[in-house]
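Just the heavy atoms: all of them, side chains too, but no hydrogens, waters or symmetry mates, feed the values below. Treat the numbers as computed from the prediction; the structure is a model and nothing was measured. A note on names: the letters A, B, ... follow the listed sequences, proteins ahead of strands, and every chain is numbered from 1.
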Protein chains: 2
Amino acid sequence: MPRNRRPQDREEKRGEIVAAATRLFVDEGYDSTTVARIGREAGVTSNTVYWYFKDKDEVLVAVLDALFAQFLAGVAQRSAEPPVEQLLWAVGELRRVDRLITTVHARVAASESLRVWHDGFHAQVEAVLRWHLAALGVPEAEQDAMTRIGVFVVEGMLTHTGDAEGDRAVVETLVRSARGIAAVPGSADSR
Amino acid sequence: MPRNRRPQDREEKRGEIVAAATRLFVDEGYDSTTVARIGREAGVTSNTVYWYFKDKDEVLVAVLDALFAQFLAGVAQRSAEPPVEQLLWAVGELRRVDRLITTVHARVAASESLRVWHDGFHAQVEAVLRWHLAALGVPEAEQDAMTRIGVFVVEGMLTHTGDAEGDRAVVETLVRSARGIAAVPGSADSR
DNA sequence: ACCTGAACACCGTTCAAGT
DNA sequence: ACCTGAACACCGTTCAAGT
């Protein structure tokens, strides 16, 4: 069966490259990681990386896909926990890859495929947050703004390290704000 | 008077380099701007830039200092306006340099002087925000968390473009949250 | 189809040499 | 003190050539 043997090998090698790149990008950063190094850790030459990926940014997209899938699995497992704990866990998890998040922002302007990935990522994160807000009782009219605030705060926590108590205070204040909005909806009508 | 003629020329040339770099960094981005290009626009060779600055990151710090001073002057002029308008103005202003903000985050790990600048910038922004929160009546115990949230939201708005109505909704919701926290302080005592 | 050696293009930075 | 020409080091990417 030579017809389906090749594709399997291909996925395998590709996976090794992605695994090596993931380790290097997370530990040393995107800029500090040369394509040659990625290849070496995967047992090939730098040129070979270009047989599997269009360019270095495509490698990054593959790495992000892998990391994000892992992350979503963790989110699903914790869906029963209270919102504050879920958010704190997510922040702690994503913070391990904070360098990559900054890299994504720095490169969306230069790479079209990275821009697509970034937009998709935001859409998914926003969907999850909106779900939580609805569950907390935030009326639909306020969900857009609250969702954006939530995304911004999460992203800010990732890129600016804070201690455990500080993080908890931020998340608790945020959730309390959402509850406050839920209790007193509207901005100009009532009162 | 040859004793104070030289220093003046020096500041002049240095200023031209910073002016050229500012234009290029803002319009084309830090990565896309070569040191050679900065020099050319200032009428010198790339090597000459290195006589005035230790490296490309130092040029960036000088550019940031210039832009930030300009920004602070604008803030001072608008101190009488209501908080929402002040914040919206600040966001609009900073958004014009959103690329640089991303660049700063991408390079703090690599450049010590950039890290120092970034920390100082945050300290000043936080001081301004804390002042507003105190004015809104947010109790001291909650100011830390609310300040961090404010910084994160502002930064998020800069790096993620939104339309005018969306921006206004976010800022209004944020200020309303602060007022809500001010009205019902504490998280576990009163109920 | 998969992989490599060699080379190209580009860029930040340095150095010896000029005035 | 100020500036330059030439060169170095490094890196992403490509290409012709192998199996």
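Remark: C1' of D/dC11 and CG of A/D57 are 14 Å apart, rounded to the nearest angstrom. The distance from atom OH of B/Y52 to atom P of D/dA1 is 12 Å, rounded to the nearest whole Å. Atom-to-atom, CD1 of A/I38 to C1' of D/dT13 comes out at 13 Å; the value is rounded to the nearest Å. The CG-C1' distance, from B/N47 to D/dA1, rounds to 16 Å in whole Å. When rounded to the nearest whole Å, the span between CZ of B/R37 and C1' of C/dG12 equals 17 Å. Per the geometry, CD1 belonging to B/I17 stands 15 Å off P belonging to C/dG12, to the nearest Å. C/dT14 atom P lies 14 Å from atom NZ of B/K56, rounded to whole Å. When the P atom of D/dC2 is taken as reference, atom CH2 of B/W51 falls 3 Å away, rounded to whole Å.
The ring of B/Y30 has its center closer than 6.0 angstrom to the ring center of B/F25.
Between B/E140 and B/R130, no side-chain nitrogen of the basic residue sits less than 4.0 Å from a carboxylate oxygen of the acidic one, so the salt-bridge criterion is not met. Look at B/R176 and B/E172 and you find no salt bridge, because none of the NZ, NE, NH1 or NH2 atoms lies under 4.0 Å from a carboxylate O. Ion pairing between A/R168 and A/E165 fails under the 4.0 Å rule for side-chain N and carboxylate O.
Within the nucleic acid shown, B/T45 comes within 4.0 Å of sugar-phosphate atoms alone, with no base atom in reach, counting heavy atoms only. Counting any heavy atom pair closer than 4.0 Å across all strands shown, B/T48 reaches a base atom. Contacts of A/S32 with the nucleic acid, taken as non-hydrogen atoms under 4.0 Å apart, are absent.
Taking a pair to require two hydrogen-bonding distances under 3.5 Å in either a Watson-Crick or a G-U wobble arrangement, D/dA7 pairs with C/dT13. D/dT19 and C/dA1 make up a base pair, with Watson-Crick or G-U wobble contacts both under 3.5 Å.
Ring geometry, B/H118 versus B/H105: the interplanar angle exceeds 60°, so the pair is classed perpendicular (tilted spans 30 to 60°).
Taking only side-chain nitrogens and oxygens, B/R10 comes nearer than 4.0 Å to OP1 or OP2 of D/dC2.
Residue A/Y50 places its side chain closer to D/dG12 than to any other of D/dC3, D/dG12, C/dA1.
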